[in-house]
Amino acid sequence: MDDPHQVNTIIATTVCAFFKGHPDVQIATEEAKLLAKQITEALNEAGLQIAAVNEITPR
C-alpha cells in the first residue's frame, strides 16, 4: 500500500478490537500502534507487500 500509516492504523484498530473481547488482558492504543508498526516492518523484511485488491488485479 502506498500509505504505511493507513496500514498501521488498520492493524492497530484490529488489535484493539481483538483485545476488547478479553477483559483479563488490555492493550492501549499507543501500544497497538507500535505493535502494528513492528508487524508491517516484519512483513516488509520478509519480502511481503501489502496492497489494495485493485492494485493487484485491475477491475
Side-chain angles (χ1 to χ4, degrees):
M1 247 184 215
D2 292 335
D3 185 3
H5 178 72
Q6 183 181 14
V7 173
N8 290 343
T9 301
I10 291 168
I11 294 171
T13 301
T14 304
V15 168
C16 286
F18 173 82
F19 280 102
K20 277 188 179 179
H22 296 84
D24 296 340
V25 182
Q26 296 294 317
I27 188 166
T29 303
E30 288 304 314
E31 289 174 317
K33 288 179 184 178
L34 291 172
L35 179 59
K37 186 175 179 181
Q38 289 180 332
I39 290 169
T40 55
E41 288 173 0
L43 292 172
N44 286 331
E45 288 175 11
L48 300 175
Q49 183 179 27
I50 298 172
V53 172
N54 60 357
E55 292 177 19
I56 298 171
T57 47
R59 293 180 184 202

Could you list the donor-acceptor pairs under 3.5 angstrom formed by side chains in residues 13-22, with sequence neighbours left out?
| residue | atom | partner | partner atom | Å |
| --- | --- | --- | --- | --- |
| T13 | OG1 | T9 | O | 2.8 |
| T14 | OG1 | I10 | O | 2.8 |
| H22 | ND1 | F18 | O | 2.9 |

Which residue pairs pass the salt bridge (charged side-chain N to carboxylate O under 4.0 Å, His left out) test with at least one member in residues 21-32, sequence neighbours excluded?
-> E30-K33
For L34, all residues meeting side chain to side chain contact (heavy atoms under 4.5 Å, CB included), sequence neighbours excluded = none
With sequence neighbours left out, the residues meeting salt bridge (charged side-chain N to carboxylate O under 4.0 Å, His left out) with E45 are none
Of all pairs that satisfy ring-ring contact (aromatic ring centres under 6.0 Å, His included), the ones with a partner from residues 23-42, not counting sequence neighbours | none
Could you state the interatomic distance from CG (N44) to CD1 (I50), rounded to the nearest 0.5 Å?
-> 7.0 Å
How many angstroms lie between atom CG of N8 and atom OG1 of T40, to the nearest 0.5 angstrom?
-> 4.0 Å
